[in-house]
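Excluded from the calculations below are hydrogen atoms, water molecules and symmetry mates; all remaining heavy atoms, backbone and side chain alike, are included. Proteins come first, then strands; the chains are lettered A, B, ... in the order of their sequence lines, and each starts at number 1.
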Amino acid sequence: MTSTRPRFRFAPSPTGSFHVGGARTALHNWALARRSGGTFVLRIEDTDEARNRPEWTQGIIDALAWIGISADDAHFEGPHFQSENADAHVAAAHRLFESGAAYYCDLTGQEVQDRAKELGLTGYDGYSRDRGLEAAPGRVLRFRVPDGTTVVSDGVRGDVSFENETIEDFVLLRGNGTPMFLLANVVDDIKMEITDVVRAEEHLPNTPKQQMLWEALGATPPRWAHVPVLVNEQRKKLSKRRDKVALESYRDEGILPGAMVNYLMTLGWTPPGAEAAGSEIFTWAEMEADFDLADVTLSPAFFDVRKLVAFNKQYIKNLPLDEFLAAVDAELPVDWDRRRFASIAPHIMERLERLGDAPGLVDFLFLGDGVDPELDHDAWAKASAPDWAAPLLDDVIEAYSALGDGEWTHETLKAAMETAMGPYEVKLGKAQALPRVAVTGRAVGPPLFEAMETLGQIETIRRMRSAVTRLGESSAPD
RNA sequence: GCCCCCAUCGUCUAGCGGCCUAGGACUCCACCCUUUCAAGGUGGCAGCACGGGUUCGAAUCCCGUUGGGGGUGCCA
């Protein structure tokens, strides 16, 4: 118990997916642990179900690694498993009984309820406190809550006090002798010499019980801190059933880990320099250096996917090209030519909200030769409507056909288009509309001339000729 | 029911008694720029829940009301 280095524990229970709320408190613990030169202890609260699904545990480890918390770092310790300490949990309970801090009770759950109803109380009334019962099958061990007041000193919200008389003598050991979670948790924390517990606010009401256990077990309670919960638009705590909370799902649809981390950190806390910078985009190093529990907000925060996406867009835009290519690769169909994609990539980076949007933006480049893109009919109708549209398209085809080797670049393509549109007295924005729809199938997309350059002379001209044919068909009498 | 927490633009927040004519970010709108869409630039809409105090002075402190949220198992 003489360790001076802070030890922060992160204790998730594996449930099949990793909750964004959990990710946020993990980040808080991580930032604090690293900055203080302490340790981030990962302890898995494994249940019977989780033990049969090791992939759930692996999912937590993978998710933590994704947001930058990994065993590669010296500040990281674990995973440990709660079940590893099962014997210690029972032993601690027995010690509490020996010292008189706990006592056995033979009332069943139903009997407790019935008594409470008769007496007009809300919970257990302390019926067996002084009956001197010994351990026996079917008897639960209850903690003898002392008189007085328990003050939880919280790093986020200051002192929170609870009248002990409002806390019932809670169960430590079930009738079958197995320990309750609360006890196991405290025993593990003591054993692992945890000094700091940072978690979500939902745990605050149970904290006085835990603190009393620490003290009854002869240990000095840790520093507590409860950060506000994350809520949905209905202001309800984010739940797995109703809300999209799986960190993995955001990862899979192309949210960058940096964006997720940055966004999560700004919920309930703002980096000190944000206002002066006019931005909330910060590096992990900056946030780690500045994060302080005392600055964390007190009220619940809405997890706003739109703002997350806005952050993500920034992060994608600011990625070095090679990193972008590496990150987006998994989103691309396997048969796409990576070199061709790389040539257009710089032009789509600032147009993506998520990495997963990339294929849909440039699919017209990967149809194969001789295949026309699928037409957006509204875009086609609008682009082909002006009188000058068809003749201009003919002129552009002619000009583009005349381009020789080495001249098929976006600069010359733009210049040739500008020359061709001269006689029609239209602006480039209008002039490029029909060619764009002809080549890409749509009215919006990456810069046209760059896309044409990537597509190549033969296929670009073929598509424009195909469009001429289509124009002839639609104007012919039927 | 009981216990605990919370309350500034639609959302995330800055604000810790005068610097607040309440600032920033996201969203939305307008304009500029422009090779469509983006990006970038400029500007705009929008908020201190309510009522009492305390004070020369309150978004900031106190009390109450109202409104949210969380907890309350022989669940984890």
Side-chain angles (χ1 to χ4, degrees), chain A residues 11-15 45-47 49-50 82 105 107-109 112-113 120-124 138-142 152 154 156-157 160-163 165-168 170-178 180-182 184-185 200-208 226 228-229 231 233-237 263 266-270 272 274-281 295 297-304 306-311 313-314 317 347-353 361 379 383 410 413-414 417-418 427-433 435-437 440 442-451:
Chain A
S13 38
T15 55
E45 294 171 354
D46 50 340
T47 59
E49 188 183 14
Q82 189 142 65
C105 175
L107 254 35
T108 65
V112 169
Q113 276 186 29
L121 296 172
T122 47
Y124 182 67
R139 291 180 182 173
V140 299
L141 183 69
R142 285 181 180 274
V152 172
D154 189 284
V156 171
R157 38 199 98 223
V160 182
S161 58
F162 298 81
E163 294 305 322
E165 63 184 3
T166 66
I167 301 171
E168 67 176 30
F170 52 97
V171 174
L172 262 20
L173 250 32
R174 300 186 183 86
N176 65 9
T178 57
M180 292 288 285
F181 170 76
L182 197 75
N185 216 351
E201 190 193 344
E202 65 206 73
H203 296 289
L204 183 55
N206 278 325
T207 307
H226 293 88
V229 295
V231 298
E233 46 276 84
Q234 276 81 234
R235 298 256 120 209
K236 295 270 195 281
K237 188 175 71 163
Y263 176 62
T266 66
L267 289 175
W269 177 73
T270 310
E275 185 167 342
S279 166
E280 293 178 355
I281 304 292
D295 296 333
T297 306
L298 272 6
S299 43
F302 169 52
F303 186 82
D304 186 355
R306 287 201 301 179
K307 190 160 179 178
L308 201 215
V309 168
F311 274 39
K313 197 166 187 177
Q314 287 278 321
K317 185 164 78 74
H347 304 107
I348 67 170
M349 287 174 66
E350 67 186 18
R351 283 157 232 269
L352 296 177
E353 294 191 329
L361 249 187
H410 62 94
L413 290 168
K414 183 185 179 190
M417 171 96 58
E418 285 171 331
K427 294 204 169 173
L428 185 54
K430 296 270 188 190
Q432 57 93 53
R436 172 181 291 280
V437 179
T440 73
R442 319 178 195 103
V444 299
L448 215 218
F449 305 111
E450 287 78 354

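Whole-Å rounding puts the A:E350 CD to B:rU36 P distance at 13 Å. Going from atom CH2 of A:W269 over to atom P of B:rG15 covers 12 Å, rounded to whole Å. At whole-Å resolution of the value, CD in A:E353 and P in B:rA39 are 9 Å apart. In this structure, A:L267 places its CG atom 18 Å from P of B:rG69, rounding to the nearest Å. When rounded to the nearest whole Å, the span between CG of A:L204 and C1' of B:rC5 equals 7 Å. For the pair A:L298 CG and B:rG70 P, the interatomic distance rounds to 16 Å; values are reported in whole Å. As a whole-Å value, the separation of A:E168 CD from B:rG71 P is 16 Å. In this structure, the NE2 atom of A:H203 is 10 Å from the P atom of B:rU72, given to the nearest Å.
Under a 3.5 Å cut-off, the side chain of A:R351 and the backbone N or O of A:P446 do not form any donor-acceptor pair. Judged purely by atom type and a 3.5 angstrom limit, A:E168 uses its side chain to pair as donor or acceptor with the backbone of A:Y124.
As rounded to the nearest Å, B:rA59 and B:rC20 have C1' atoms that lie 9 Å from one another. Atom name P, nucleotides B:rU11 and B:rU72: the rounded distance is 28 Å, in whole Å. When the P atom is compared between B:rC61 and B:rC5, the two are found 16 Å apart, to the nearest whole Å. For the P atoms, the distance linking B:rG64 with B:rA30 amounts to 48 Å, nearest Å. Spacing of C1' atoms, B:rU66 relative to B:rG51, comes out at 10 Å, to the nearest Å. With C1' as the reference atom, B:rA46 and B:rA58 are 23 Å apart, rounded to whole Å. Rounded to a whole angstrom, the distance from the C1' atom of B:rU42 to that of B:rC48 is 28 Å. B:rG73 and B:rU13 are spaced 38 Å apart, taking the C1' atom of each and rounding to whole Å.
Within 4.0 Å of A:L448, counting heavy atoms only, lies at least one base atom of the nucleic acid. As judged by a 4.0 angstrom heavy-atom cut-off over every strand, A:L413 is placed among residues making no nucleic acid contact. If you check every strand for non-hydrogen atoms under 4.0 Å, A:F181 touches a base. Residue contacts for A:R157: at a heavy-atom cut-off of 4.0 Å it reaches the sugar-phosphate backbone alone, with no base atom in range. A:E163 comes within 4.0 angstrom of nothing in the nucleic acid, heavy atoms only. Using a 4.0 Å heavy-atom cutoff across all strands shown, A:R436 reaches at least one base atom of the nucleic acid. Residue A:V140 is in base contact, counting any heavy-atom pair closer than 4.0 Å across all strands shown. Among the heavy atoms of the strands lying under 4.0 Å from A:P446 is at least one base atom, whether or not backbone atoms are also near. A:T207 comes within contact range of no nucleotide atom at all, as no heavy-atom separation falls under 4.0 Å. The residue A:F162 sits close only to the backbone: its heavy atoms come under 4.0 Å of sugar-phosphate atoms, none of a base. Nucleic acid contact for A:G123: none, since no nucleic acid atom lies under 4.0 Å from a heavy atom of the residue. Residue A:M417 is out of contact with every strand shown, counting any heavy-atom pair closer than 4.0 Å.
An OP1 or OP2 oxygen of B:rU35 is reached within less than 4.0 angstrom by a side-chain nitrogen or oxygen of A:K414. Proximity of A:K427 to the phosphate of B:rU35: no side-chain N or O atom is located under 4.0 Å from OP1 or OP2. Put simply, A:K237 has a side-chain N or O that comes within less than 4.0 Å of OP1 or OP2 on B:rG71. Contact annotation: A:R235 side-chain N/O to B:rC12 OP1/OP2 distance is under 4.0 Å. For A:K313, a side-chain nitrogen or oxygen approaches OP1 or OP2 of B:rA39 to under 4.0 Å.
For A:P228 and A:Q432, each mapped to the nucleotide of RNA chain B holding its nearest heavy atom, the one lying further toward the 5' end belongs to A:P228. The 5' end of RNA chain B is approached more closely, in terms of each residue's nearest nucleotide, by A:P447 than by the other of A:P447 and A:S13.
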Intermediate values then yes/no, side-chain contact (heavy atoms from CB on, under 4.5 Å), A:L428 and A:K414: CA-CA 9 Å; A:L428 185 54; A:K414 183 185 179 190; 3.6 Å; yes
Stepwise side-chain contact (heavy atoms from CB on, under 4.5 Å) test for A:Q82 and A:D46: CA-CA 6 Å; A:Q82 189 142 65; A:D46 50 340; 3.5 Å; yes
A:R142/A:V171 under side-chain contact (heavy atoms from CB on, under 4.5 Å): CA gap, chis, key distance, verdict: CA-CA 4 Å; A:R142 285 181 180 274; A:V171 174; 3.7 Å; yes
Worked check of side-chain contact (heavy atoms from CB on, under 4.5 Å) between A:F170 and A:L172: CA-CA 7 Å; A:F170 52 97; A:L172 262 20; 3.6 Å; yes
B/S/- contact track for nucleotides 24-33 of chain B, protein heavy atom under 4.0 Å: BBSS------
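Proximity note for A:S299 (side chain, C-beta onward) versus B:rA39, B:rC6, B:rC74: the nearest is B:rC6. When distances run from any side-chain atom of A:R174 to the nucleotides B:rC5, B:rC6, B:rC75, the shortest one goes to B:rC75. Taking every side-chain heavy atom of A:H410 into account, B:rU35 is the closest of B:rC6, B:rU36, B:rU35. Comparing B:rC74, B:rC4, B:rG70 by their closest approach to the side chain of A:E202 singles out B:rG70. For A:T108, the listed nucleotide lying nearest its side chain is B:rC74; candidates were B:rU35, B:rC74, B:rA76.
Residues A:R157 and A:P228 meet the side-chain proximity criterion, which asks for heavy atoms closer than 4.5 Å. Side-chain atoms of A:M417 and A:P435, non-hydrogen and from C-beta on, do get closer than 4.5 Å to each other.
Each of A:L204, A:V160, A:V156 was checked for a side-chain contact (heavy atoms from CB on, under 4.5 Å) with A:H226, and the lone residue meeting it is A:L204.
We find the CD-CG distance between A:E233 and A:D304 to be 9.0 Å, quoted to the nearest 0.5 Å.
In this structure, a donor-acceptor pair under 3.5 Å is absent between the side chains of A:R436 and A:T440.
Under the Watson-Crick or G-U wobble criterion, with both distances below 3.5 Å, B:rC20 has no partner in any strand shown. Applying the Watson-Crick and G-U wobble criteria (two distances, each under 3.5 Å), B:rA7 pairs with B:rU66. When both distances must be under 3.5 Å, the Watson-Crick or G-U wobble mate of B:rG1 is B:rU72.
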